[in-house]
**Q** 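This is the structure, below, for whatever I ask next.
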Amino acid sequence: PASAQETVTWKVQSHWPGSSSSYTDSLGRLKRVIEERTDGRLKLQLFEAGALFKAKDTFDAVSRGILEMGTISPSYAQDKMTLAGIASGLPFAFRHVWEAAYFHQNMGFEQMLRDEAAKYGVYWATDKVYPTEMVVKKPIKSWDDFTSLKIRSSGALQTFLTEAGAAASYIPGSELYSALDSGIVDGAHWGAAQGAYSMGLYEVAKYHVKPALNIAGTDVIIVSQKALDKLPEDMQKIVKQALDEQFWVRTNEYQYKERVTLAKAIAEQGVQINTLPDDVQAKLVKTAQGMWDEEGKRSEEAKKALGMLKEFLGNLGYL
Amino acid sequence: MSIELLTLLFFGSLLFFLLLGLPLAFVLGGVSVVFLYFTWGFDSFFMVASQIWGTMGSFTLVAIPLFVFMAMVLERTGVAKDLYRMMHLWFGGIRGGLALGTLAICAVFAAMVGISGAAVVAMGTIALPSMLERGYDRKMALGVINTGGGWGILIPPSILMILYALITGVSVGQMFAAGIMPGVLLMVLTAIYVLVRAHLQPHLAPALPKEERGTWGEKFRALRAVLLPIGVVVMVLGSIIGGITTPTEAAAMGVLGALISAAVYRQFKWSIMQEAAIRTFKLTGMIMWILFAAHAFSAAYQSMGAQDLIEGLMQGIPGGAWGIIIAMMVIVFFLAMVLDPVGIMLITLPVFMPIVKSLGFDPVWFGILFVINMEIGYMTPPFGFNLFYLKGVVPPGITMKDIYTSVIPFVLIEIVAIGIIMAFPEIATWLPGVFF
Amino acid sequence: MGVLSAFMKGITRLNDFVGRWIALLVFVMFAFLLLEVGFRYLFNSPTVWTNELTQLLFGVYAVMSGGYIMAHRGHVNVDLIHSHLAPRKRAFLDIITSVVFFIFTLALLWFGIDMARDSMSSWETSFSAWNPPIWPVKLAIPVGTGLLVLQGLVKLLEDIAIAFNLDYYRPSEQAEEEEEYL
Ligand code: NA
Ligand code: NA
């Protein structure tokens, strides 16, 4: 370990662009807290999305110890992490953010993720759990409205939406605004209210769809175990504690900002909330549940996590 | 080592090896690797591979081979040649007439593409031989293509503006709207320059002699030559505006249009297609290897602490609010000589934006100044990417020196445009106010 | 014909062969993009695979071009000093600057192999909705870079021959061959 007085600087690669609220709220907070508590002995040097490593290589870079810290979405580490699919959210599983938080921290899912990441020399700490929600240009009032939609999506949710009968296609983020504006797609999801707001999506799509497509730990902070081990013990403790707190602080704060942002969008841009009709919701839940089992097939851990999840949802009376 | 000293060494060695004649792609890549080794160690080379992987996965770049291929087909089948013949018959009487026609085509191209590179290569293929054949001064011809080929990032759609919006949090729609009038301003200024220069020095952009200007019958028959290019443009622009395709997919519509044109010209032959494909491969590959290395280069520079340098520079700038804005423009101007736009944005915007906002300036307006500055950067020696892309298509007799010196007046024009937009911000801010 | 000139000719032929085939991918990319537009716009049923496959092909197309372009002197440089030098002096200069070329390409080759091996150890897929294997595209990085390195070696051997008047390579033949292509 480094001597107690030495100053260490960590390079931190974000997967958020600078304008994203999480860049300042999550990374900014972490930097401030850690630098304060270590009396400036550990400094975080932040880099915006893509500056050093592309999002999908950040896990590798941290795993190799080239980067000391990074932020990712679990889906960027799917080739290594068999639990990533569950971590990045099964569609229509949780109905409230607190449930996902409880599942992560009190039911032991977070520890399972941490154990699997440890195999690659990575210390895993979920930044927050939060919903992913759609915005659409025309309100969804019936099942037909839903199935006639063209939606910009990605990853597991794209599979889900396609399976459910909508026409989901992947369009890169850089072309999302134009695509929605000109009507190439009628809907999209980019985080929830804050994401849509930061991408300017409310300018061209006025309906914010509830409930969430999923609620999950979609943002993760990863630390190189090698870098962590090099710190003196008191500093290691400070870092881990800061990360543990981070989950609760950010999950709560994010909820608050979601509501504030949505209120602003409603007041300033005439956005309306489009709650899916009950029959549409029921059909979506049914499609979703049919897809969950796929994720359990990836490994023993994944099977166990899925079992835990089902039991948990059962106890809540959702299954 | 301090970042100031590193910057000097880094850019100094870049310039050194570039002057010695090593291709740009390898200079950028090699210098990055050497500096990464000394600042971060051997393992950091993973970053170079990662940046290349990331660049390979950038969907918007797929438009490059398609637009280049479109241009190759239009050129090889004779469509472009007839277009220029038509322009010559109609506007050849005016000194600089062909240059104006070229600028007009550039403007249309700019509305079709959202990235830089494709337009310069395409226009270099289509317009350069036609202008040289008709006695245009090579610097006039090169300069016009260089400047017009860069308009694509200012006139919507523009991937660079989307990136600006993403980093700074302004609205993409407002950025797009804001780019239109400054784009028109640039076109008008450039056209005025070409006309005045051609009037004063007729040998630079000669008019067609009276006896060769053709009869009205010939002129109208020649007009048929525009139908096909207009058809191609309608297919591309129509599918973007009509919500049929994304700007990247629209490039495929352009190729379709070019292929239809080839068929109409009875030139839809395998030999022509194959040759066009191979030239496209060569040019796209040249662009891509420069981008591979450029992205590695700016990642390496950022890892060394480029942002600290900018932060340091921004402290203690005299001259109040306007002094700061001008200082920012000067910094971007110099960075743009050596870095790619994405890198420049990532390095400077996080430092600039809070300052711009706290001084009470409109970030959309600042974005337009920034984007025009990027355009200048694309064509300023020694590293301006458009200069290299153009070098990739020019006939053997034309040297880098010709290309370097050709841009000087056009760079000055764009600086004048920046000055005008600074003095009259409404040029940028009026349209977004109307739309949003 | 000596071993050296056989090696040089062989590598150039190989890059030519590879380049001529890979160049045709532009037709495939065009067709897939058009197909996607058609499916989405005419039938309201976008595919999950066209854009992603186009993207992957583009990656291969781009990274495999290095050697072919090198063989045809298509990597642009600044010729301010070059154009004023006699061929022998130019060759000397190119021998010196080739160090920077090899530093870059060998570093890329090394970590490209590393990246590809890592990807192949799990037969990595993209985990998109379509979820195709992406290890072949990652493998293209070291393969494409390797071809570039080999062609760089050929260029170095040519420069050495010119600089020291060695007879395993005569520049004139090469120049004539070039003419045929473009
Ligand atoms: Na454009
Ligand atoms: Na430049």
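Worth knowing before you read on, the calculation uses all heavy atoms, side chains too, and leaves out hydrogens, waters and symmetry mates.
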**Q** Check the angle between the aromatic planes of C:Trp130 and C:Trp49 and answer parallel, tilted or perpendicular using the 30° and 60° thresholds.
**A** tilted
**Q** C:Asn131 versus chain A, heavy atoms under 4.5 Å apart: side chain, backbone, both or neither?
**A** neither
**Q** Using a cut-off of under 4.5 Å for heavy-atom pairs, which of C:Asn51, C:Thr125, C:Asp114 has the most such pairs with chain A?
**A** C:Asp114
**Q** Any side-chain donor-acceptor pair under 3.5 Å between A:Glu110 and A:Thr126?
**A** yes
**Q** Please determine, by modelled atom types, if A:Gln13 and A:Thr58 share a side-chain donor-acceptor pair under 3.5 angstrom.
**A** no
**Q** Below 4.0 angstrom, N of the basic side chain to O of the carboxylate: do A:Lys80 and A:Asp60 qualify?
**A** yes
**Q** Quick check: under 4.5 Å, non-hydrogen atoms only, which of residues 154-170 of chain A neighbour chain C?
**A** A:Gly155, A:Gln158, A:Thr159, A:Ala167, A:Ala168, A:Ser169, A:Tyr170
**Q** By a 4.5 Å heavy-atom criterion (distance strictly below it), what part of C:Ser126 contacts chain A: side chain, backbone, both, or neither?
**A** backbone
**Q** Count the heavy-atom pairs under 4.5 Å between each of C:Thr47, C:Asp118, C:Val48 and chain A, then report the option with the highest count.
**A** C:Asp118
**Q** Where on C:Glu36 is there a heavy atom nearer than 4.5 Å to chain A: the side chain, the backbone, both, or neither?
**A** side chain
**Q** Main chain of A:Ser224, side chain of A:Glu68: is a donor-acceptor contact present, judged purely on distance under 3.5 Å?
**A** no
**Q** Salt bridge between C:Arg13 and C:Asp16, side-chain N to carboxylate O under 4.0 Å?
**A** no
**Q** Mind checking whether C:Phe164 and C:Phe92 have ring centres under 6.0 Å apart?
**A** yes
**Q** Which label fits A:His104 and A:Phe109: parallel for a plane angle under 30°, tilted from 30 to 60°, or perpendicular past 60°?
**A** perpendicular
